[in-house]
Amino acid sequence: MTSRTFSSSAAEASSPADGSTAPAPVLVVRDLAAHVAGQQVVEHVDLEVAATGVTALLGRNGVGKTSTIKAVMGLIGRSGTIELDGEDISTLPTFKVASRGVAYVPEDREVFSGLTVAENLRLAERRGGPHRYDLVYELFPELRERGNQAAGTLSGGQQQMVSLARALLNENRVLLIDEPTKGLAPRLVTDVAHALARAAEVAPVLLVEQNLHVVRDLAHHVVVLTDGRSVHHGDAAAFLDDPVATQRLLGVHGGPAAGAA
């Protein structure tokens, strides 16, 4: 499979099959490099997150997927261009990136273990904006029931609910979600996938996910990293149905039966 490259125009939109013009991508990343403690962890990443739906960021373990998301958030040192709705946010500190409407769901959930579920959610409230508790409790009714329980005493799946709920509580422009099904039992994976599908209805999602069943169900577009570099982007189903490409880039055989990468 020949990897495609991005247009140099950050605002250029692709044309759908019906000939209409697709909305410009909500997030555009060009020539992203990132480092931690002086060590380069991302070398050259280009990606776009469509204005709707789910874009999956794929790759083998250790290729820089989590570092890419952290760099977008400003959590690690980075260079390159990061545009949100056409605004350059590449030099903004993390709190200003978040205030622009970029929500981050970290790989290890990172709930405030000593605070209650309700307190974790209240801390996520963005000042001056509406807070979508109706949506949060629609997706995760258990969180309402456990509002007074310390988040640190929750199961891993319940903590993942809290982490996702914090991102969904505010009206965001894009959700960056890192490994939401990692370590979860199959039943909980299904529940989280359902929540992600609902989340993508209210904001576009950049999703890092190793479970290819989940990617197949949710993603329309994929970006694949190798050794800190973006090496492929294209239609999700076409990529996952190509066993040669998935074996070469992910180390797994693609096709309808493909599972975790």
Side-chain angles (χ1 to χ4, degrees), residues 25-29 32 42 45-73 75 82 84 97-98 101-110 135 139-140 156-157 159-168 170 172-184 186 188-226 230-240 246 249-250 252 254 258-261:
V26 64
L27 184 69
V28 177
V29 175
L32 179 69
V42 174
V45 170
D46 292 329
L47 64 84
E48 295 179 356
V49 177
T52 60
V54 176
T55 299
L57 185 61
L58 305 181
R60 300 174 190 248
N61 288 333
V63 298
K65 303 184 298 296
T66 292
S67 295
T68 294
I69 287 185
K70 286 184 173 181
V72 171
M73 287 301 302
L75 291 167
I82 304 167
L84 177 70
V97 173
V102 183
Y104 172 50
V105 180
E107 178 181 6
D108 295 319
R109 296 142 194 168
E110 296 182 8
L135 173 62
L139 289 174
F140 308 115
Q159 290 186 13
Q160 186 64 71
M161 293 177 194
V162 174
S163 190
L164 287 168
R166 291 184 306 195
L168 292 172
N170 302 296
N172 288 300
R173 291 297 300 124
V174 63
L175 309 177
L176 311 182
I177 304 179
D178 192 3
E179 298 280 14
T181 70
K182 179 181 176 181
L184 300 184
L188 290 175
V189 169
T190 300
D191 291 345
V192 168
H194 169 73
L196 293 173
R198 183 72 175 88
E201 294 175 2
V202 299
V205 174
L206 178 62
L207 175 68
V208 174
E209 179 55 66
Q210 295 284 359
N211 188 318
L212 297 187
H213 289 303
V214 173
V215 174
R216 179 179 292 278
D217 287 344
L218 296 177
H220 299 97
H221 190 85
V222 296
V223 178
V224 185
L225 303 188
T226 296
S230 52
V231 295
H232 170 81
H233 76 98
D235 179 78
F239 174 73
L240 294 174
T246 55
L249 296 177
L250 304 180
V252 299

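Since the structure is predicted, the reported quantities are computational estimates derived from the model, not experimental observations.
- Residues Val97 and Tyr104 have side chains not in contact (no heavy-atom distance under 4.5 Å, counting atoms from C-beta outward).
- Considering only heavy atoms from C-beta on, Phe239 comes within 4.5 Å of Leu250 through its side chain.
- The CG atom of Asn211 lies 5.0 Å from the OG1 atom of Thr181; values are rounded to the nearest 0.5 Å.
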For the pair Leu168 and Leu175, evaluate side chain to side chain contact (heavy atoms under 4.5 Å, CB included) and give the outcome as yes or no after the intermediate values. CA-CA 8 Å; Leu168 292 172; Leu175 309 177; 3.8 Å; yes

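- When every heavy atom of Ala219 is checked against every heavy atom of Ala236, the shortest pair comes out as O-CB, 3.4 Å.
- Annotation: the span from Leu57 atom CG to Ile177 atom CD1 amounts to 12.5 Å, rounded to 0.5 Å.
- When atom types are taken as modelled, the side chain of Asp235 and the backbone of Ala238 share a donor-acceptor pair closer than 3.5 angstrom.
- Here the shortest heavy-atom pairing between Ala195 and Phe140 reads CB-CZ, 3.6 Å.
- Residues Asp178 and Lys70 have side chains not in contact (no heavy-atom distance under 4.5 Å, counting atoms from C-beta outward).
- No side-chain heavy atom of Val49 sits less than 4.5 Å from a side-chain heavy atom of Val29.
- To the nearest 0.5 Å, atoms CZ (Arg173) and CG (Leu27) are separated by 10.0 Å.
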Test side chain to side chain contact (heavy atoms under 4.5 Å, CB included) applied to Asp108 and Lys182, step by step: CA-CA 9 Å; Asp108 295 319; Lys182 179 181 176 181; 4.1 Å; yes

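- Using a 4.5 Å heavy-atom cutoff, the side chains of Leu32 and Ser230 are not in contact.
- Side-chain contact between Lys65 and Gln210 is present, with at least one heavy-atom pair separated by less than 4.5 Å.
- Minimum heavy-atom separation, Leu196 to Pro180: CD1-CG, 3.7 Å.
- Side-chain atoms of Asn172 come within 3.5 Å of backbone atoms of Ala167 as a donor-acceptor pair (strictly under, hydrogens ignored).
- Looking at Thr55 and Leu47, their side chains never come closer than 4.5 Å, going by heavy atoms from C-beta outward.
- The two residues Leu218 and Ala197 come nearest to each other via the heavy atoms CD2-CB, 3.7 Å.
- The line from CE of Met161 to CG of Leu188 is 6.0 Å long, rounded to the nearest 0.5 Å.
- The two residues Glu107 and Glu179 make their nearest non-hydrogen contact at CG-CB, 3.9 Å.
- Considering all non-hydrogen atoms of both residues, Ile82 and Ala71 come closest at CD1-O, 3.9 Å.
- Side-chain N or O atoms of Ser163 include none that pairs as donor or acceptor with a backbone N or O of Val105 at under 3.5 Å.
- Side chain of His221 to backbone of Gly234: a donor-acceptor contact under 3.5 angstrom is found.
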Evaluate side chain to side chain contact (heavy atoms under 4.5 Å, CB included) for His220 paired with Thr52, printing each intermediate quantity in order. CA-CA 9 Å; His220 299 97; Thr52 60; over 6 Å; no

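- In this structure, Arg60 CZ and Leu225 CG are separated by 13.0 Å, a value rounded to the nearest 0.5 Å.
- Considering OG1 of Thr66 and CG of Leu176, their distance stands at 11.5 Å, rounded to 0.5 Å.
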